[in-house]
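Sequential numbering from 1 along the given sequence is applied to the chain's residues. Note that the structure is predicted; figures quoted are calculated from it, not measured. Numbering of ligands and ligand atoms starts at 1, following listing order.
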Amino acid sequence: MSVTSVVEKWVEEAASLTRPSRTVWCDGSKTEYETLIEAMLRDGTLLALDSRSYPNCYLHRSHPQDVARTEQLTFICTRERDDAGPTNNWMAPADAKAKAGQYLRGSMRGRTMHVIPYLMGPAGSAASRVGVMVTDSEYVVASMHIMTRVGQVAIQHMRGDADFIAGLHSLGDLSPDRRLILQFPEEKLVWSVGSGYGGNALLGKKCHALRLASWQARQEGWLAEHMLIIGVEDPEGRVTYFGGAMPSASGKTNLSMVESRLPGWRVWTLGDDIAWMWVDARGQLRAMNPERGVFGVAPNTSPKTNPNAIAMVRSNTIFTNVAVTPSGEPWWEGLTPEPPTGLTDWQGRPWQPSQGPAAHPNSRFTVLVCQCPSIAPNWEDPEGVPISGLIFGSRRTGVIPLVFEAFDWAHGVFLGSAMSTETTAAITGKVGVVRRDPMAMIPFCGYNMADYFAHWLAMGPRLSKPPRIFRVNWFRRDGDGKFLWPGYGENVRILKWMVERIRGTARAEERPIGWVPAPGALDTSGLDVPPSRLAEALRSDAGEWLKALDELGEFYKQFGPRLPEPIARTFAETRRRFGG
Ligand code: OXD
Ligand code: MN
């Protein structure tokens, strides 16, 4: 493989720190993938699943203390603390390297260091970016094959000798006590040690395509977002494209491949987790998915909640931490109404229902996105797709209505900045605790969040027709704890209203929080949701909102004068509209 001298030098430096016994350059070929799989089947890193019902599917069991992203061990390492901002963990670059250097020194002794040149984004796109990561984990190499475009194609897209994000990954001893996920945006560098799991270890994903890309995007005038990309097709065949930000494990993958319950309407999948967006020469916002695969949450994925995902994972899939049936099929909670008998749990032990879930709540599938039956034919268009609407969604039992629309771009940015959500198993820590998560980017914004809001605001005037911004909450419950809205395939009804708003045909009522569907404006034909229940799902209660705004005000305080004035102003206006 021909690479630039800067890449070579960096790989040599990584090797002199970690001391592998050999270095292998990955070419991204099918043969390479198959050789890795064979090696992992031999040493027990992977187990083959039933080859008739799940051809070329494998199970990986991670270390029981390494099952989710560890945000408390994730740092932004900028020279100035304020550049990381109050919502990120920060470490001075020299201190971070000294600390992680202890864990990385000699960590690959007796092992192979794989060098993975990878491309984020489709071949031929000016928006695609290159990374070169090294790792001592075969599981990571195989996963990177699925999640990114590996090999010479990456090197070909470098715009200069040093135009790449460098990523150093080593499993270390997998102990959380010696684990660090370090981003150095000023050096275009990631160091990750002590974890082999998902977003901690597949460096193209959260570390590169979100944390470092968001930093680069700010410098270069584009956006790197924790967003799905979908195309919504109406019965006349017209497609409207949306980006949608939702926190981890909050239905983003489900919405990205939703099977429509409305006759004549369909949803095309372009991406399920990350969107890179830019303004084209005509002032149109465009988006592309930098990833090539899906690293999706398995529990609660079923033929009812996400039939396309179920079809997608029937072949060529690496499952992580799911349970297995006696015939060697993967299983997780929610896949079937009742668990099959004789399950082996995610740690390889015979499972009893009294022992808690058989699959880990953050168990995953890793698979090429093009295997999804709803994949859009143009999902790899180098020019991206034109975005007409942006959706901010979070998981809230109360307060936040099912759907409403921002008054304008700045108000939409305010709504994004105001997002809070109930935590899930995608990160270690307590599940179900409300935390602030602006634009679903709290774990992924690589710089000061106040500057991030300012960057979003500054995009507005550059757009000739700014996308409409919508806020959704599928998770609102009634007084008995029951969901007010059926969700899943029925969410297409909400998408239809959005498309009609964009076209100027859907009716809405003005409320203090924005435009809410007018009675009868949401298509509920054939759906058993009485108008009173829908009204309850769409309600915004002044008392609840004023309390929520007080909490938001506390959150904003930490940014001091760095909080952009339009955000502070919109916040004050919203309070006033509620009579506060
Ligand atoms: C993910 C996450 O894996 O957000 O996508 O945790
Ligand atoms: Mn995600």
Side-chain angles (χ1 to χ4, degrees), residues 60 62 66-74 88 120 139-140 143-144 146-148 181 183 192 195-214 223-230 243-257 269-276 287 289-301 306 309 312-313 317-322 332 359-367 369 372 391-395 416 419 421-431 435-446:
H60 174 65
S62 74
D66 185 27
V67 291
R69 284 186 296 101
T70 38
E71 290 181 6
Q72 71 282 14
L73 303 173
T74 301
N88 276 314
M120 301 307 293
Y139 166 76
V140 167
S143 302
M144 287 293 284
I146 298 174
M147 298 303 296
T148 72
I181 322 298
Q183 279 74 195
S192 165
S195 168
Y197 200 87
N200 290 340
L202 313 179
L203 301 191
K205 194 171 181 64
K206 306 300 188 182
C207 305
H208 177 165
L210 287 175
R211 297 194 190 101
L212 293 197
S214 62
L223 292 166
E225 297 302 322
H226 192 205
M227 283 189 178
L228 56 73
I229 310 171
I230 50 175
M246 283 161 203
S248 311
S250 297
K252 193 147 51 36
T253 301
N254 288 343
L255 183 64
S256 76
M257 43 195 77
T269 308
L270 290 99
D272 85 310
D273 195 43
I274 300 178
W276 286 357
N289 173 10
E291 300 192 282
R292 185 174 174 238
V294 178
F295 178 66
V297 177
N300 205 27
T301 305
N306 192 339
M312 175 176 74
V313 303
T317 301
I318 301 179
F319 293 91
T320 302
N321 293 341
V322 297
W332 49 82
H360 187 277
N362 190 38
S363 53
R364 300 278 182 147
F365 46 79
T366 310
V367 59
V369 65
C372 184
I391 304 169
F392 291 125
S394 73
R395 187 185 274 275
M419 263 168 73
T421 197
E422 286 150 31
T423 52
T424 65
I427 46 163
T428 52
K430 259 202 159 139
V431 168
R435 74 160 177 175
R436 308 242 55 108
D437 194 357
M439 280 103 165
M441 279 291 275
I442 207 81
F444 307 123
C445 182

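With a cut-off of 2.8 Å, the Mn ion (ligand 2) has no N, O or S atom of K205 in range.
Of the angles at the Mn ion (ligand 2), the one spanning NE2 of H226 and OD1 of D273 is 90° when given to 10°.
Nearest protein heavy-atom neighbour of atom 6 (O) of ligand 1: R69 NE, 2.9 Å. Closest to atom 2 (C) of ligand 1, if we only count protein heavy atoms, is S248 OG, 3.2 Å. In this structure, atom 3 (O) of ligand 1 lies nearest to the protein heavy atom R364 NH1, 2.9 Å.
The one candidate from T269, T301, D272 that meets the side-chain hydrogen bond (donor to acceptor under 3.5 Å, both in side chains) condition with T253 is D272. If you run side chain to side chain contact (heavy atoms under 4.5 Å, CB included) between F444 and each of N88, L210, T74, only L210 comes through.
Not a single heavy atom of K252 sits closer than 4.0 Å to an atom of ligand 1.
If you number the atoms of ligand 1 from 1 as listed, the ones under 4.0 Å from a heavy atom of D273 come out as 5 (O). Close approach of ligand 1 to H226 (heavy-atom distance below 4.0 Å) involves ligand atoms 4 (O). Of all atoms in ligand 1, numbered sequentially from 1 with element shown, those under 4.0 Å from a heavy atom of F444 are 4 (O).
Side-chain atoms of Y197 and R69, non-hydrogen and from C-beta on, never get closer than 4.5 Å to each other.
Ligand 1 has an N or O atom lying under 3.5 Å from an N or O atom of K206, backbone or side chain.
Using a 4.0 Å cut-off between charged side-chain N and carboxylate O, K206 and D273 make a salt bridge.
Contact annotation: for Y197 versus ligand 1, there are no heavy atoms closer than 4.0 Å.
In this structure, CD on E71 lies 4.0 Å from CD1 on I427, to the nearest 0.5 angstrom. Distance check, rounded to the nearest 0.5 Å: NE2 of H208 to CD of E291 gives 11.0 Å.
Using modelled atom types, one finds no donor on one side chain facing an acceptor on the other under 3.5 Å when comparing D437 with T421.
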Residue pair S62, N321: steps toward the side-chain hydrogen bond (donor to acceptor under 3.5 Å, both in side chains) verdict: CA-CA 7 Å; S62 74; N321 293 341; 2.9 Å; yes
